[in-house]
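One structure is given below, encoded as structure tokens.
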Amino acid sequence: MDKVPILKMGDTLILAIQVELHDKMAIRLQEDILKEIHDTGARGLVIDVSALEVVDSFMGRVLSDTASMAGIMGVETALVGIRPEIAITLQEMGLELKGVHFALNLEKGMELLQNIGEIFYGED
Amino acid sequence: MAVIKRDKDLKFIRIEEGHHVDMARRAAIEYARMMGFGEVQTAFMATSVSELAKNILVHAGSGTVIFRILSVGEKRGLEIVFADRGPGIDDLARVLRGGYSTSSTLGIGLSGSGRMMDELEIKTEPGKGTTIWIRKWL
């Protein structure tokens, strides 16, 4: 079974979802992320969905739940790489992704979390 | 009245596990691209297939997705049928409004598919199963 690799850059964890997640995979991924946050003391999480063909209501909920859980652990989440047709689909479905910040790509997502971090924690 | 011609070539995908949903979604994307649908309409169809095939898995356990090309005169379209022998949908009107709790994939999946597709028809009988037809015209 595929495992989604979690990378770390500075204070930020990066997760590139490459395949559609099914129930068990999604739950395991959430556990892995929370463990990684705990172990590394990360302050930000970037989830890249640019490789996904669709974001349906299940995937939307997984993303939203993951961001909420990360939020409880003091970590802000940025969702990046949403293609135009997926943005339109999410809007049409009426799918709200709560507790998530959005940015166009990985670079902008990292920048966004950096800025949020400075507001919350002040410059170190 | 226009007569809908249904292509004799059907594609059946049996839905029993998560990866079968992936197969159905891939098939929707392949059909849509082959027929010349644009990116947004293709995403609408792929997402609807994802939602409705997952509904089969979650609510009925197993079922079948059928793809078929339609034509009315020069006009072409794609019809996708989702059939299961699950418990049926109890309060269809409420489900279609999307009024079910957002934690349920049934509500948002069905109502969302209804908005994204050109046509959606449901036949459901408690205890006997559900059949859903969705269509998108070029």
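Here is how names work: the chains are called A, B, and so on, in the same order as the sequence lines, proteins then strands, and each is numbered from 1. These numbers were taken from a predicted model, which means no experiment stands behind them. Reckoned from all heavy atoms, side chains included, excluding hydrogens, waters and symmetry mates.
Contacts between residues 19-26 of chain B and chain A, defined by a heavy-atom separation under 4.5 Å, are made by B:His19, B:Asp22, B:Arg25, B:Arg26. Within residues 113-137 of chain B, the residues approaching chain A closer than 4.5 Å by heavy atoms are, in numerical order, B:Arg115, B:Met116.
Not one N or O on the side chain of B:Lys8 forms a donor-acceptor pair closer than 3.5 Å with the backbone of B:Leu10. In this structure, the side chain of B:Arg14 engages the main chain of B:Gly63 through a donor-acceptor pair within 3.5 Å. The closest donor-acceptor contact from the side chain of B:Glu51 to the backbone of A:Ser57 lies under 3.5 Å. The backbone N or O of A:Gly60 lies less than 3.5 Å from no partner atom in the side chain of A:Ser64, so there is not a single donor-acceptor pair.
Only the side chain of A:Glu53 comes within contact range of chain B, judged by heavy atoms closer than 4.5 Å. Neither the backbone nor the side chain of B:Leu57 comes within less than 4.5 Å of any heavy atom in chain A.
Inter-residue side-chain proximity for A:Thr66 and A:Leu15 is flagged as unmet; no heavy-atom pair is nearer than 4.5 Å.
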Show the numbers, then the answer: is there a side-chain hydrogen bond (donor to acceptor under 3.5 Å, both in side chains) between B:Thr42 and A:Glu85?
CA-CA 9 Å; B:Thr42 301; A:Glu85 61 273 24; over 6 Å; no
Could you walk me through whether B:Ser62 and B:Glu16 pass the side-chain hydrogen bond (donor to acceptor under 3.5 Å, both in side chains) test, one step at a time?
CA-CA 5 Å; B:Ser62 66; B:Glu16 283 166 356; 5.2 Å; no
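Checked against ring-ring contact (aromatic ring centres under 6.0 Å, His included), B:Tyr31 has the following partners two or more places apart in sequence or in another chain: B:Phe67. Remark: A:Glu76 pairs with A:His101, A:Leu113, A:Ile116, A:Phe120 by the side chain to side chain contact (heavy atoms under 4.5 Å, CB included) rule, at least two apart or across chains.
Summarising the local packing, CE of A:Met9 is surrounded by 12 or fewer heavy atoms from other residues, nucleotides or ligands at distances under 6.0 Å.
When B:Ala43, B:Gly38, B:Ala46 are compared by the number of non-hydrogen pairs under 4.5 Å with chain A, B:Ala43 comes out ahead.
A salt bridge is defined here as a Lys NZ or Arg NE, NH1 or NH2 lying under 4.0 Å from an Asp or Glu carboxylate O, and B:Lys54 with A:Glu20 meets this definition.
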